[in-house]
Each structure stands twice: as C-alpha cells, then as structure tokens.
Enquirer: 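Dumping the structure here so I can ask a few things about it.
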2 protein chains.
Amino acid sequence: MDIRDVARSAKVSVATVSRTMNLVPTVDEKLSRRVWQAIEELNFYPNTQARALKSGRSRIFGLILSEITNPFFPELVQGFEESAIKDGYEILITSISHDHSRMELAVRRMLERKVEGVAVMTFGVELPYLDRLAAADIPLVFVDDGPPVPRRTILQVDYATGIRQGVQHLAALGHQRIACISGPPQQLSSRLRYDAFLESMREMDLPIEPELLVKGDHTLQGGAAGARRLLSLQQPPTAVMCSNDLTAIGLLRAASQAHVSVPRDLSVIGFDDIHLADFVSPPLTTVRMSRAALAEAAVGALRSHAEASPDRIAPENARFVSIPTLLTVRRSTGLCAWP
Amino acid sequence: MDIRDVARSAKVSVATVSRTMNLVPTVDEKLSRRVWQAIEELNFYPNTQARALKSGRSRIFGLILSEITNPFFPELVQGFEESAIKDGYEILITSISHDHSRMELAVRRMLERKVEGVAVMTFGVELPYLDRLAAADIPLVFVDDGPPVPRRTILQVDYATGIRQGVQHLAALGHQRIACISGPPQQLSSRLRYDAFLESMREMDLPIEPELLVKGDHTLQGGAAGARRLLSLQQPPTAVMCSNDLTAIGLLRAASQAHVSVPRDLSVIGFDDIHLADFVSPPLTTVRMSRAALAEAAVGALRSHAEASPDRIAPENARFVSIPTLLTVRRSTGLCAWP
DNA sequence: CTGAAAGCGCTAACAG
DNA sequence: CTGTTAGCGCTTTCAG
C-alpha cells in the first residue's frame with residue numbers, strides 16, 4: 001500500500017496526493033476531496049522513512065537526559081512527549097546515567113537517526129561531545145547556559161524568584177539560622193541555585209554562617225549526610241533550603257531518625273516539586289519548576305529552529321526563554337521555635 | 001556524504017561498501033580493510049532512513065508503558081534502552097498515562113514509524129487497539145498474558161516464588177494475622193499477585209481473614225487508605241503484604257502518622273523493589289522483580305521474532321519466558337510482638 | 001493547477 | 001568475490 005494506490009483510487013497523480021497530504025494550498029478543492037476520501041477508505045498513512053529520506057526531515061527531536069531514574073526526568077519526558085506529539089514529531093530519548101562516555105553514544109544515535117533538534121537536559125554537564133551536533137548544524141536547546149553555537153536556544157530558569165520567595169517565607173516565620181544543602185558544583189544549575197540563595201539571604205539581611213553551608217549531590221543519600229552534619233552542629237540551623245527535592249527528602253529521613261521533628265524543630269524547603277514531594281511526610285514545601293513549561297518551551301524552540309527557512313534565522317530574542325519558578329507551601333515549614 | 005564517497009575513497013563499488021558494513025562474510029579481507037579505513041577517515045555512518053526504506057527494517061522497537069511517572073517504569077526504560085542499543089536498535093517510547101484513547105495514538109505512532117516489534121508493558125491493560133499491531137504482523141511482547149496472535153512472546157513473571165518467600169518469611173517471624181493490600185483488579189498482574197498470596201497462605205496453613213483483605217490501587221494514596229482501614233480494625237493485622245512498593249510506602253506513611261511503629265508493631269512487605277524502596281524509613285522488605293531482566297527478556301524476544309526468517313518461525317518454547325522474583329529482606333519486617 | 005519523472009541513500013538481485 | 005543496476009515510497013522540480 002503506497003501513495004500510488006491512493007492516486008489510482010482517487011484518479012489523480014501521485015504528485016497531487018503528495019501535495020494534498022502536505023496541504024499545499026494550490027490543490028484544486030475537488031481533487032483534494034477525492035484524495036482525502038481515498039486516504040480514508042484505504043486507511044492509508046505515508047511511509048515516514050521514505051518521506052524523511054526524500055525531504056531530509058525526520059520529524060524526530062532528540063532528548064538527552066542525565067538520568068531517567070531521577071524522578072524529575074520522567075515528568076519532563078511526559079511533557080516533552082505530549083508537546084512533541086501534538087506537533088507531529090517523534091522523540092528519541094537517551095539517558096546518559098551520569099556516564100560521560102554514554103554522551104558520545106547518545107550524540108551518535110541522534111546523528112544516525114538524523115534528529116532535527118536536540119534538547120540537552122543535563123543541567124550543565126554538556127561537554128565537548130555536543131560539538132558534533134553543532135557541527136552538523138542541528139538546533140540545540142540548553143537549560144541555563146550553553147555554548148554559543150548557531151541555532152541554539154537557552155531556557156533560563158528563573159531560580160532567583162522562587163528561591164527568594166522561599167527565603168522570605170522562612171524569614172517571615174521567624175527563622176534566622178537558615179542553612180543550605182547545595183548540589184553538585186559541576187552542575188551550573190546547582191551553582192545558580194546556590195547563588196540565588198546567598199543573594200536572597202543578603203537581601204533579607206540574614207546572616208550567612210559558613211558552617212551552615214554544606215555540600216550535597218542531589219541524591220537522597222547526599223541529603224541525609226548533609227542533614228546529619230547540620231544536626232550535629234553545636235548550634236544547628238532552624239531551617240534548611242535544599243538544592244533539590246531529593247536532597248530535602250533525604251534530609252527528612254535523617255531528621256526523623258534523629259528524632260528531630262519537621263517542621264516543629266526544623267523547617268525544610270526543597271526545589272523542583274517532583275511528584276513525590278507531596279507524598280513524603282510531612283508534605284514538602286518546595287520551589288516548583290514546571291516540567292511541563294520546560295518541556296513545552298524546549299519543543300517550541302526546537303520547532304521554531306527546525307522550521308525556520310534557512311535564510312530567515314530566528315530572531316535573537318527567541319534565543320532566550322525564561323522559565324518561571326514558584327514557591328509551593330506545604331507542611332515542612334513552620335514557625336521558628338527559637339527566639 | 002554518502003556510501004558513494006566511501007566507495008570512491010576505498011576504490012571499490014558501493015555494493016562492496018554495503019556488504020562490508022553489513023558484515024557479509026564473502027567480502028575479501030583486503031577490500032574490507034580498505035573500506036573500514038575509508039569509513040573511519042571520512043567519519044561516515046550510514047543513513048538510517050535510506051537503509052530502513054530499502055531493507056524494510058527500521059531497527060526500532062516500540063515500548064508502550066502505562067505511566068512513565070510511576071517509578072517502576074523509568075527503571076524498565078533504562079534496561080530496555082541498554083539492551084536495545086547494544087543490539088543496534090532504537091527505541092520508541094510511549095506512555096499512555098492510563099488514558100485508553102492514548103493507546104490508539106501510541107499504536108498509530110508505532111505503525112507510522114514502522115517499528116519491528118512492540119513490548120506492551122501495561123500489565124494487563126491491553127485492549128483491542130493492539131489488534132492493529134497484530135494485523136500488521138508486528139512481533140509483540142506481553143507481560144503475564146496476552147492475545148494469541150502469531151508472533152508473540154509472553155513474559156511470565158514468577159510471582160508465586162517471591163510471594164511465597166515473603167509469606168514464609170512472615171510466618172517464620174511468628175506472624176499469623178497477615179493482611180494483604182491488593183492492586184487494581186483490572187490488572188492481571190494484580191490478580192496474579194493476589195492469587196499467589198492466597199495460595200501461599202493456604203500452603204502455610206495460615207488463616208485468611210476476609211477483613212484483612214483490602215483493595216488498593218498501586219498508588220501511595222491507595223496504600224495509605226488501605227493502611228488506615230487495616231489499623232482501625234478491632235484486631236489489626238501484625239503484618240501486611242502489599243501488591244506493590246508504592247502501596248507499601250503509602251502504608252508506611254499512614255502507619256507513621258498513626259504512631260504505629262514498623263516493624264515493631266507491624267511488618268510490611270512490598271513488591272517490585274523500586275529504587276525508592278531502599279530509601280524509605282525503614283528500608284522496605286520487598287519482592288524484587290528485576291527490571292533489567294524484564295527489559296532484557298523483552299528485547300531478546302523481540303529480536304528473535306524480528307530476525308527470524310519468515311519461513312522459520314521461532315520455536316514454541318521461545319514464546320514463553322519466565323521472569324524470576326526474589327524476596328529482598330530489609331528493615332520493614334520483624335518478629336511478631338503478639339503471642 | 002496537474003502530471004511525469006528524477007532522484008533521496010541504500011540494499012540486493014543479477015551478471016560477470 | 002565484485003560491480004552494475006533497479007528500485008524502496010515519497011517530494012519536488014519542470015513542463016504542460
């Protein structure tokens with residue numbers, strides 16, 4: 001079953017069938033109707049491979065994730081899938097599992113399948129492997145920052161707003177000794193969150209105690225380790241801002257094991273608002289970064305690059321997109337019990 | 001850059017290049033070396049679309065999931081990706097999010113991209129939409145059970161062994177009043193787990209109390225609800241087997257809120273052994289069903305179907321594959337405190 | 001506005 | 001064992 005069968009059935013040429021399917025406006029309406037009818041009757045749909053081969057357009061976008069088993073990512077994948085499908089694109093997912101050598105493989109797979117664009121959702125672990133994508137002139141989307149290659153968009157997450165809201169929220173509850181468990185410093189997004197925290201503390205005239213600034217790694221274990229460190233301090237903090245929800249959840253566990261009650265003895269704020277945040281005990285106050293918004297913005301940017309006529313490059317202002325964040329107050333934050 | 005450039009550079013015909021790349025054994029070694037060298041030098045890799053168009057083989061497997069944000073599935077995806085890539089296949093992932101109408105779309109996407117096989121990982125929510133895949137003679141892999149279509153493999157999870165081990169473990173700890181929170185009865189896998197539980201209880205001569213058999217839905221909320229129900233009983237159970245880990249984790253939360261200590265007052269066993277199971281408090285004793293094994297078996301079955309010569313259909317015994325389960329004892333089970 | 005025809009890059013007869 | 005060549009199903013000039 002192919003386009004010729006349709007042409008025969010509709011009594012037109014294959015060219016007309018092709019034009020009709022591709023909504024070329026100059027097709028006579030009578031013929032077009034005949035064609036659509038034939039397509040329906042035969043339950044025909046075009047062969048994507050042939051189409052891709054001829055047109056040079058695969059209608060596939062690539063998605064490079066750092067680690068699909070991190071609950072942040074499946075939610076992103078879901079949004080990505082939804083947006084891409086709506087526009088008729090398929091999506092090629094690769095999870096590099098923190099293994100830099102797999103990045104090379106991922107890039108190769110993208111190249112082989114001739115993706116029309118790639119969203120790099122590794123939050124800073126970009127590496128030079130991506131040069132090959134840029135060299136192939138493939139549109140690229142990064143989060144926070146990325147190399148200044150030609151057809152590129154950067155999704156700038158507005159960490160500052162959400163984190164400022166978090167610090168203000170804690171300050172309003174009377175907290176002064178606010179700690180921070182940061183993320184892996186190799187990740188730009190960790191550093192930006194950390195900087196936003198420090199900045200907000202200064203804005204609020206809150207003291208920044210070096211001993212309250214501990215390093216985590218965006219894992220449950222890291223969060224638990226950081227928590228133990230903070231709780232063993234001579235003068236422990238009354239509140240903690242965590243660089244992500246996994247860290248905060250690890251902290252919650254360690255606190256519970258140490259018989260420290262949240263939020264009575266300690267207030268906790270996470271970041272990301274993963275699904276699980278609402279189901280831990282107590283439900284986590286956290287800064288929401290919408291995965292759906294991130295995904296939609298990424299797909300939108302890729303589309304606009306992929307579909308831009310080669311001569312008319314997308315305007316400069318379309319090359320940065322801001323992603324909002326918002327404090328979501330649940331039950332892990334409360335009034336400071338200390339004077 | 002195409003196969004002709006390679007041919008020119010290696011001073012052979014395109015046919016030889018093609019044969020070399022496809023490891024046809026009758027290529028002279030001298031030529032083959034020249035070809036590989038040219039491929040290296042030019043950094044050439046074949047155009048997948050052209051290859052697929054000509055050969056009729058897309059080298060793509062489809063994967064239909066019920067819900068990617070359920071932590072069980074990303075782990076499965078990871079295994080699937082790993083196995084498929086190793087064999088040179090790409091993978092097209094669709095998450096139908098419990099929305100039956102999306103199943104139709106998923107099937108359409110599979111058909112359009114001409115996948116060479118589909119693993120249906122929806123644990124029982126198959127539905128007639130799959131007829132179209134079977135009608136297109138696409139190899140199919142199901143879990144537990146599936147329609148008797150031609151090129152099909154069923155992955156039979158050996159629920160009985162793991163669940164029996166769980167019940168025996170509880171019995172050995174002195175538990176008699178063992179409850180069960182089951183999963184959604186529409187899912188075959190829920191029913192099989194439930195049946196295995198009842199069967200094991202009988203084998204052990206343990207009493208099956210109707211009031212201790214409550215329905216869950218494989219979500220955290222469902223587990224919490226079931227827990228509240230069980231704990232409010234005149235005579236609550238001393239142990240609970242849950243149909244999956246999410247249910248067990250929901251139960252853990254509800255128990256903690258009700259000041260019921262696990263495992264002191266209540267022993268809990270989950271099923272699946274998702275990543276999170278090891279990070280809740282207390283770490284969950286659970287029945288492990290290896291996602292990697294499931295994924296590997298699925299990919300293996302799809303390959304053997306896809307690559308079988310049309311005349312030599314895979315042998316009957318290759319059409320059922322058993323997936324083992326194993327009790328993993330952690331900290332959520334302990335000695336029964338009641339006489 | 002429509003149709004004929006030339007490929008897109010590759011594979012697989014078929015002929016040497 | 002190697003090379004020539006005819007398509008796979010579709011899009012897109014180029015003529016009509």
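Nothing here was measured: the structure is a model prediction, and the numbers come from that model. Convention: sequence-line order gives letters A, B, ...; per-chain numbering from 1. The basis for the numbers below is simple: all heavy atoms, side chains too, and nothing from hydrogens, waters or symmetry mates.
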Enquirer: State which of D:dG9, D:dT11, D:dT4 makes the closest approach to the side chain of A:A50.
Expert: D:dG9

Enquirer: What nucleotide among C:dC10, C:dT2, D:dT2 has an atom nearest to a side-chain atom of A:T26?
Expert: C:dT2

Enquirer: Whole angstroms only, please: what is the CE-P distance between B:M21 and C:dA12?
Expert: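 Taking atom P of C:dA12 as the reference, CE of B:M21 is at 11 Å.
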
Enquirer: Can you check the B:K11 NZ to D:dT2 C1' distance for me, whole Å?
Expert: 17 Å

Enquirer: Any side-chain heavy-atom pair from B:I138 and B:L111 closer than 4.5 angstrom?
Expert: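 Sidechains of B:L111 and B:I138: in contact.
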
Enquirer: Just compare C:dG9, D:dG9, D:dT2 and give me whichever is closest to any side-chain atom of B:L31.
Expert: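 So the nucleotide nearest the side chain must be D:dT2.
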
Enquirer: How would you label the contact of A:V27 with the nucleic acid (heavy atoms, under 4.0 Å): base, sugar-phosphate, or nothing?
Expert: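 Here A:V27 touches the backbone only, sparing every base.
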
Enquirer: Any donor and acceptor pair, going by atom type alone, linking the side chain of A:R57 with main-chain N or O of A:E116 inside 3.5 Å?
Expert: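 Not confirmed, A:R57 side chain does not pair with A:E116 backbone.
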
Enquirer: Taking the side chain as every heavy atom from C-beta outward, state whether A:E81 and B:R109 have any pair of such atoms under 4.5 Å apart.
Expert: yes

Enquirer: What is the distance, to the nearest angstrom, from the CG atom on B:D28 to the P atom on D:dG3?
Expert: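 In whole Å, D:dG3 P and B:D28 CG are 10 Å from each other.
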
Enquirer: Which sits closer to the 5' end of DNA chain D, B:L53 or B:V12, going by the nucleotide each is nearest to?
Expert: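 Counting from the 5' end, the first nearest nucleotide belongs to B:V12.
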
Enquirer: Using the side-chain heavy atoms of A:R19, tell me which of these nucleotides is nearest: D:dT13, C:dC10, D:dG3.
Expert: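 Closest nucleotide to the A:R19 side chain: D:dT13.
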
Enquirer: Just N and O in the side chain of A:N47: are any of them under 4.0 Å from OP1 or OP2 of D:dC8?
Expert: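 A:N47 to D:dC8 OP1/OP2: no side-chain N or O under 4.0 Å.
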
Enquirer: Output the rounded distance in Å from CG (A:L23) to C1' (C:dC1).
Expert: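 In whole Å, C:dC1 C1' and A:L23 CG are 17 Å from each other.
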
Enquirer: Going by atom types only, do A:Q78 and B:S97 share a side-chain donor-acceptor pair under 3.5 Å?
Expert: yes

Enquirer: Hey, is the side chain of B:T16 poking within less than 4.0 Å of OP1 or OP2 on D:dG3, counting only N and O atoms?
Expert: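 Affirmative; the distance criterion is met.
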
Enquirer: Less than 3.5 Å between a donor and an acceptor, one on the side chain of B:K54 and one on the base of D:dG7, is that the case here?
Expert: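 Such a pair exists between side chain and base.
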
Enquirer: If I take atom CZ in residue B:R51 and atom P in nucleotide D:dG9, what distance separates them, rounded to the nearest angstrom?
Expert: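 About 19 Å, once rounded to whole Å.
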
Enquirer: What is the separation between atom CZ on A:F44 and atom C1' on D:dG9, rounded to the nearest whole Å?
Expert: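 Going from A:F44 (CZ) to D:dG9 (C1'), I get 8 Å.
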
Enquirer: Measuring only between side-chain heavy atoms, which start at C-beta, is B:V157 closer than 4.5 Å to B:L294?
Expert: yes

Enquirer: Starting at atom CG of A:N22, determine the distance to atom P of D:dT12, rounded to an integer number of angstrom.
Expert: 7 Å

Enquirer: Can you measure B:Q49 atom CD to D:dT11 atom C1' for me and round it to whole angstrom units?
Expert: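 B:Q49 atom CD is separated from D:dT11 atom C1' by 14 Å.
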
